[in-house]
Amino acid sequence: PRQTRHQISTLESHIGETVLLRARVHTSRGKGNVVFLVLRQRIDTIQAVLTAKPEKISKPMVKWTSSLSDESIVLVEGVVTAVPTPIQSTTIHNAEIQISKIHLISGLSATLPFTIDDASRSEAELQAADAQFNKVLLDTRLNNRIIDLRTQTNQAIFKLQAAIGSLFRDYLSGEGFTEIHSPKLQGQATESGASVFKVSYFKGNAYLAQSPQLAKQMCIASDFERVYEIGPVFRAEDSNTHRHLTEFMGLDLEMAIEEHYHEVMELLDGLFKNIFAGLKAQYKTEIETVGRQFPADEFKWREETLKLTFKEATNMLVEDGVPAEDLDDINTENEKRLGRLVKAKYDTDYFIIDKFPMALRPFYTMPDPEDPTLSNSYDFFMRGEEILSGAQRVHDPALLIENMRSKGVNPDEMKDYINAFRFGCPPHGGGGIGLERVLMLFLKLNNIRRASLFPRDPKRLEP
Ligand code: ATP
Ligand code: AMO
């Protein structure tokens, strides 16, 4: 019969009992006839002791145990005893296992590049000039990601990543949206031709989808009314920055509009506030865990979200001394500067910029009917960095073709997409969110690679 394996997290309620559990050797310390092991299951740890005893536990057994490599997986049987001086911690458990039997389940056949403790040091510890330990830099972590991911911080980061996806899905499902799955192999670019990956496709070529833009709009033409997708987005941008990946997870949505594109903007705003509040309410422990390694001021938003027009935003920058001629677009540096100005004036880390100049937006964007140099489009920001782009779309095929021509996109290569609007299509709009950016900025991780399991950038395709 199968014996039940115990969980470290519940052992405090099994004092006096014999338990059987599988765990990793987090650390081990041999001292003559005794070995002290710290055993770990995910983020939970407990101390276990093996003491040489005549007839029962031999000295070679103790020696063998003390030679186990950190990160080995063992099966342990023993009696749980109380500890005299309990520690305040949610993950270090206040009991001790007196080991009677120990078996190796899976050992190491390579040397550990760094320990979990090394990888768990805070940024401040890493920067300390007199640091005496192994400093694990980001590249080393990413090269050995399966070990790096075992830290409490990473376990928490990816729980939070999953939480953002669930909160996104649950909110939209509650708002009457249908989840879709659009193809990632495309016959043409879905955004600008400059940033598309071309792959060989039998006797010809295909392109990796740079967004579900065309498909999600076509679903509106097919009467789905409200759709969303969580799926990979590919960008052939040679951008070696803290916030660009070549493959990221896109959270996209598209919806029919009744009267005004601000219906979409309001829905997106409600969605974000729900995500922020959900994270804060349900994932306090994870946020605190990450905060110990990556200290961050608490993410702040307002009940009434700050909405600036592009003009108002650039005016704030001009008043702060940025030359007006540098503000045809808001570059990364000015974006961050604006974030700081907004934070100082309005005490928020989250805001919206509406009404971008048409010249800055893609061909599918609806021009502002009152001033066609502007557009019905918006970007959302967290801590002064863009996390969402969206707009009302052009649903009139003639205007769409005109927009394409003026932006250097060949309408002949997008016939199916244009045709989708020839059979009647409601006015509609939507937006696209970068999941890793939201996670990075909420937690202030400072590098998008930390928010991606196995990040892909211009210099990294492995592991
Ligand atoms: P989008 O999501 O709309 O692409 P983005 O934030 O990725 O938004 P981009 O237009 O790709 O925006 O680039 C925005 C900014 O990123 C640019 O203004 C530029 O400052 C910066 N950037 C892009 N590539 C690089 C690079 N290789 N090195 C430094 N900065 C870059
Ligand atoms: P856009 O190109 O602005 O818009 O992308 C939407 C959001 O995706 C994220 N993002 C990225 N994240 C990581 N690495 C990248 N290289 C990267 N590029 C973009 C950002 C950005 O705000 N079709 C439109 C969306 C729409 O209008 O619905 C689009 O793709 O968070």
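Every number for a ligand or one of its atoms is a count from 1 in the order of the listing.
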Trainee: At less than 4.0 angstrom from any non-hydrogen atom of R243, what atoms of ligand 2 do you find?
Mentor: 13 (C), 14 (N)
Trainee: Should R460 and R449 be marked as a side-chain contact (heavy atoms from CB on, under 4.5 Å) after you check the CA-CA gap, both sets of side-chain angles, and the distance that decides it?
Mentor: CA-CA 10 Å; R460 183 177 288 281; R449 292 159 188 79; 5.7 Å; no
Trainee: Can you find an N or O of Y364 that's nearer than 3.5 Å to an N or O of ligand 2?
Mentor: yes
Trainee: What do you reckon, does G430 have a nitrogen or oxygen under 3.5 Å from a nitrogen or oxygen of ligand 2?
Mentor: no
Trainee: Which option out of R235, M382, Q210, Q217 puts a heavy atom nearest to atom 30 (O) of ligand 2?
Mentor: R235
Trainee: Which atoms of ligand 2 have any heavy atom of K216 under 4.0 Å away?
Mentor: 26 (C), 28 (O)
Trainee: So is there a nitrogen or oxygen of L245 less than 3.5 Å from a nitrogen or oxygen in ligand 2?
Mentor: yes
Trainee: Is any NZ, NE, NH1 or NH2 atom of the basic residue among K216 and E254 found under 4.0 Å from an Asp or Glu carboxylate oxygen of the other?
Mentor: yes
Trainee: Please check whether L253 reaches ligand 2 - meaning an N/O of the residue sits under 3.5 Å from an N/O of the ligand, judged on distance alone.
Mentor: no
Trainee: Counting each atom of ligand 2 from 1 as listed, which ones have a heavy atom of I448 under 4.0 Å away?
Mentor: 13 (C)
Trainee: Side chains of S389 and D379 only: does a donor on one sit below 3.5 Å from an acceptor on the other?
Mentor: yes
Trainee: Can you tell me if R393 contacts ligand 2 (heavy atom of the residue under 4.0 Å from the ligand)?
Mentor: yes
Trainee: Judged by modelled atom types alone, do S211 and E191 share a side-chain donor-acceptor pair under 3.5 Å?
Mentor: yes
Trainee: What do the steps show when you test H244 against R235 for side-chain contact (heavy atoms from CB on, under 4.5 Å), and what is the final call?
Mentor: CA-CA 9 Å; H244 286 91; R235 299 281 169 97; over 6 Å; no
Trainee: Please determine whether any non-hydrogen atom of E237 lies less than 4.0 Å from an atom of ligand 2.
Mentor: yes
Trainee: In terms of ring plane angle, is the pair F168 and Y228 parallel, tilted or perpendicular, where the classes change at 30° and 60°?
Mentor: perpendicular
Trainee: Less than 4.0 Å between a side-chain N and a carboxylate O, is that true for E312 and K355?
Mentor: no
Trainee: May I ask you to list the atoms of ligand 2 that are less than 4.0 angstrom from any heavy atom of G390?
Mentor: 27 (O)
Trainee: Heavy-atom distances under 4.0 Å decide this one: backbone, side chain, both or neither, for H244 against ligand 2?
Mentor: both
Trainee: Regarding ligand 2, does E191 bring an N or O atom to under 3.5 Å of one of the ligand's N or O atoms?
Mentor: yes
Trainee: So, for F276 and F299, is the gap between ring centers shorter than 6.0 Å?
Mentor: yes
Trainee: Supply the atom-to-atom distance L267 CG to F272 CZ, rounded to the nearest 0.5 angstrom.
Mentor: 11.0 Å
Trainee: For the residue pair S200 / K198, report whether a side-chain donor-acceptor contact shorter than 3.5 Å exists.
Mentor: no
Trainee: At less than 4.0 angstrom from any non-hydrogen atom of G431, what atoms of ligand 2 do you find?
Mentor: 26 (C), 28 (O)
Trainee: Can you list the atoms of ligand 2 that are under 4.0 Å from a heavy atom of L388?
Mentor: 22 (O)
Trainee: Against heavy atoms of E386, which atoms of ligand 2 measure under 4.0 Å?
Mentor: 3 (O), 21 (C), 22 (O), 31 (O)
Trainee: Between Q41 and S9, is any side-chain donor less than 3.5 angstrom from a side-chain acceptor?
Mentor: no
Trainee: Minimum distance, heavy atoms only, to atom 25 (C) of ligand 2: which one of P455, S195, S389 is it?
Mentor: S389
Trainee: Would G432 count as being in polar contact with ligand 2, using the rule that some N or O on each side must be under 3.5 angstrom apart?
Mentor: yes
Trainee: Examine ligand 2 and decide if any of its atoms is less than 4.0 Å from a heavy atom belonging to F380.
Mentor: no
Trainee: Do T305 and D269 pair up side chain to side chain, a donor and an acceptor below 3.5 Å, judged on atom types alone?
Mentor: yes
